[in-house]
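Keep in mind that this is a model prediction, so the values were computed, not measured.
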Amino acid sequence: MKDLTEPTLNGAVEPEAQFVSGAALPLTDDRFPLPAPRRVRRRLVRAWLIGLTIFGYGPAITYGQLAWLFNEHQWYWTYLLYFTEVPLVGGLCVLVLPWIWYRPIHDALVDWTSGVPVDRARCAAIYEQAIHLPWRLAVAAFSAGFVGYVIGFSVLHWQANQPWIEIAKTLPAIPLVGGMMGAFCYFATARALYPVLAWCSVQLRYARPTRRVSLAEKFLATVCVLMIATLCLLQPAAYSMGQTVTEHHLKERALTRLQNAAHRMQLFNRLQDQFPVLQQAVLGREGYALVLDAQGRALTPHPRGFTHIDQERFYKFWERAGGSEGSWVDRFGRHRVVAFIRLRDPSRLLVSVAFPSDFALPLNHYMQFAWLAMLEVLLVLFIFGRYFTRSITTPLGDLTRTAQRIAEHGDLTQHVPVTTNDELGEVALSFNRMMQQLQASQADLEEYTKRLERSTQELSMLNQEMEDLLRVVSHDLRAPLINIQGFSQRLEPLMAQTLRRLEELAVRQGADEAQRAQIEALKTSVQARFSESLRFIGKGVEKMDVLLSSLLAVSRVGRKADVMQPNDLNGILDDVLATFDHQLKERAIDVIRQPLPPRVPCRRNEINQVFSNLLANAINYMGPTGRRFIEIGGTEHPDRVECYVRDTGIGINPEDQERVFQMFMRLQAVDVPGEGVGLAYVRKILRSHGGKIWVVSQKGQGSTFFFSLPATRG
Amino acid sequence: MTTPRQSIMIMLVEDDEGHQLLIRENLRAGGIVNEIIHMSNGQEALDYLQRRGKYQDPAKSPRPGLILLDIKMPKMDGFAVLAKVKEDAQLRLIPVLMLTSTDDQLEVNKCYGLGANSYVVKPVKYDEFQERVKALGLFLDIVRFPE
């Protein structure tokens, strides 16, 4: 018994074997129920009987009819006899052998139907047997046909004294009967066993037959059988037709008969004993044989009992021919063919006379035969064509239905039964394997999806935390600032009031000049230090506020609330330049404007911020001497737009160029206002748009900030 | 001094004592002489408005004519209070003015979406703060409120 895990013909180890090893058998699939054993048996027996009848007796009837058509009555019985013999002998083998081979399958079906637990190993064994049974049966049927033929003709030869040469002419009967019987058995058995195979395949899941037969081989075999069968059916017609038309053939046949007759006549000495032999030497309906003496006179009576012979003409012919063979036309105008053979006694001559007209059949006789042959060929074609087509369409139908089920219900556990050992079986196997892979992939996918969901959840939690943090920053960190600022502002008048009260108190208590001067000095000093402290507190709070605002602004870039719309960058730049107008004039900085792309999808206020920050930087870091200008321009590319802001400022060292975009990074410790957020903010905005920013600069030679934005499609 | 606008009461809902003090002072400086009651969180404000708990007596807890509402508060935040007030058929007529420390556009939109009547940002710079609250006071001074 084949273990399913062992390497198959293709050398691949079946990984699927373990797939359902844990599953309890029997598995159920409503499309492929356990077939009833009696039903399978009935179908098999019926198939075999039909095969024997059609393909055993069919040719017998054909040949018999042919013999009848050509008035060869002795052959009529011969054909019937030997074509009966072939299926009888063959049938015995064919009915006994399959039963021996089919027995285990039947027993297993009976067991499983009656509730015996389904054993995996047994199921696999039954599967193997069922898939190979049709081919074994076909070979058996062919062999049986051959054996039947040999036995039949041996009997015939022995009983009817048929010459071997005549028997040899019937050799095509072997492929005709054996081949067709075998082919029919193959297809019919495969068809009958289909439900068994399907059920076993479902139980075993990814089962595959160990031996593979190509579909092309099956097709070729079928075509060969059909071709030979057709030829065999047509062959007697062609043979007989050729025989009748030529005189030469007729003479040859007559000579063969005469030789046979002479041979037998030698066995008898007396003329009277030789007569019965002549009786058998007839040729055609009216042909006969005679024994003549040297003068051409008939020594024997006419074998058919006719007394009337055209003696006069015959002797004339005899004299003219000089005792050699030939043909003549009698007085009724009938054409005759004569053949001679000399007997052992030289004075005696064995003569056969045949009438070609006996063999010249009317045309409709041939047509009758042709119709018959055509009908038989059509019948054979129909039967085999039907079986052959079904052997292809049934597995394909299974495949289609399974695919439909999967498409409709998305049930990846579906699988196709592997019921043939040809390419279609391979397709089903590959399909099953694909489904298994899909199942595995789906499981993986589900796992990944779960992980992704978890990650997304975590991410959204983090996001939520971030949002909360932002709110805390915007509310809670600013709220104390308001208090610090508010109440420290209240301190100053309070202090002034206190000092005034102190002064009044001193005056009221009569302080002298020196004491008053002391108090005055104290007042001035306290007031100065106090307002200085308050100024620092105020500046600190303001700076803190600006930092918080910048932080918030950077964090809020690209929130879902803002949508991108196509904007004219020139318009945005107009707005920005308007706000810088005063500063630019004050510092005597020229602005050179090149045209900017007119339609760029962006968030207007954010891009406004980009220009504004870049311009502010350019103004703030403008070099002290030389030509002072800022150039702004842009170019359009198919997939993006690129803008630049060039200045003649102090420039940036190459090693610092990446750092300028970092948060709270300030390269200059000089008195340039700012918190080091501007460029980080700009970069964040551009990234949220899907663009980027970079700088090209040399220390002391100005900088050019480039930024790109994705362009509108279409 | 018996004009209707002086008779209305202003409710200030603010958890930060300092802010509350600063707002009150600057409203007075802006010319507002109305009674201002102070609630230190959203829950308390809502209890007062819906007359629950210690505010059950209608005589002791008259309806305010205006609510100044902070957003970030313990127990119940300004959004929740605003939503509750605007859900209530009787309270929804009281104008609500959000007075808060953030200028986040999302929060502003949310407040207007919930039915706030106005939104004022408390600036950190004190002079600006003073100006805003004073301006608010002037505004309240000239607006007629529903009785």
Side-chain angles (χ1 to χ4, degrees), chain A residues 463-464 466-494 531 533-563 603-606 608-609 675, chain B residues 12-30 40-42 68-82 98-113 119-134 136:
Chain A
N463 216 5
Q464 188 58 45
M466 186 72 190
E467 288 278 318
D468 292 348
L469 189 71
L470 280 182
R471 186 176 300 172
V472 167
V473 168
S474 62
H475 281 275
D476 295 7
L477 293 188
R478 291 180 97 190
L481 292 183
I482 293 172
N483 279 345
I484 294 171
Q485 190 78 320
F487 286 102
S488 63
Q489 294 279 330
R490 268 174 40 152
L491 283 181
E492 205 167 3
L494 203 66
S531 41
S533 306
L534 285 178
R535 193 164 55 81
F536 276 115
I537 291 174
K539 275 184 86 173
V541 169
E542 270 170 36
K543 174 143 187 173
M544 186 82 175
D545 184 36
V546 173
L547 280 178
L548 282 177
S549 304
S550 312
L551 200 63
L552 275 172
V554 173
S555 318
R556 283 177 195 161
V557 169
R559 282 203 303 202
K560 279 180 223 155
D562 310 311
V563 275
R603 289 183 277 271
R604 190 182 177 93
N605 55 341
E606 289 185 357
N608 189 305
Q609 197 67 47
E675 288 74 39
Chain B
L12 175 60
V13 190
E14 172 66 71
D15 61 318
D16 192 314
E17 291 279 333
H19 286 199
Q20 180 248 328
L21 195 60
L22 290 172
I23 291 166
R24 196 188 278 253
E25 273 184 11
N26 284 290
L27 282 177
R28 293 270 180 260
S40 61
N41 63 59
L68 300 178
L69 190 57
D70 189 19
I71 289 178
K72 192 81 199 307
M73 284 184 296
K75 285 193 184 173
M76 184 185 275
D77 68 5
F79 294 128
V81 176
L82 180 61
M98 305 306 289
L99 195 59
T100 185
S101 57
T102 180
D103 58 348
D104 187 343
Q105 198 57 41
L106 289 184
E107 299 218 331
V108 177
N109 291 345
K110 193 173 171 189
C111 286
Y112 282 124
Y119 189 96
V120 175
V121 180
K122 293 183 274 189
V124 172
K125 282 186 184 166
Y126 186 63
D127 37 0
E128 276 183 35
F129 182 88
Q130 251 176 331
E131 270 172 36
R132 285 271 168 99
V133 180
K134 271 183 193 166
L136 176 63

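Residues passing the side-chain hydrogen bond (donor to acceptor under 3.5 Å, both in side chains) test with B:D16 are A:N483, sequence neighbours excluded. Under the side chain to side chain contact (heavy atoms under 4.5 Å, CB included) criterion, B:D77 pairs with B:F79, B:A80, sequence neighbours left out.
Within a 6.0 Å sphere centred on CZ of A:F536, heavy atoms belonging to other residues, nucleotides or ligands number 12 at most.
Contacts between B:E17 and chain A at a heavy-atom distance below 4.5 Å are absent for every atom of the residue.
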Legend entry - Audit row: A:R490, B:L21, side-chain contact (heavy atoms from CB on, under 4.5 Å) steps and yes/no: CA-CA 12 Å; A:R490 268 174 40 152; B:L21 195 60; 4.0 Å; yes
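In this structure a side-chain-to-backbone donor-acceptor pair under 3.5 Å is missing from B:H19 to A:I482.
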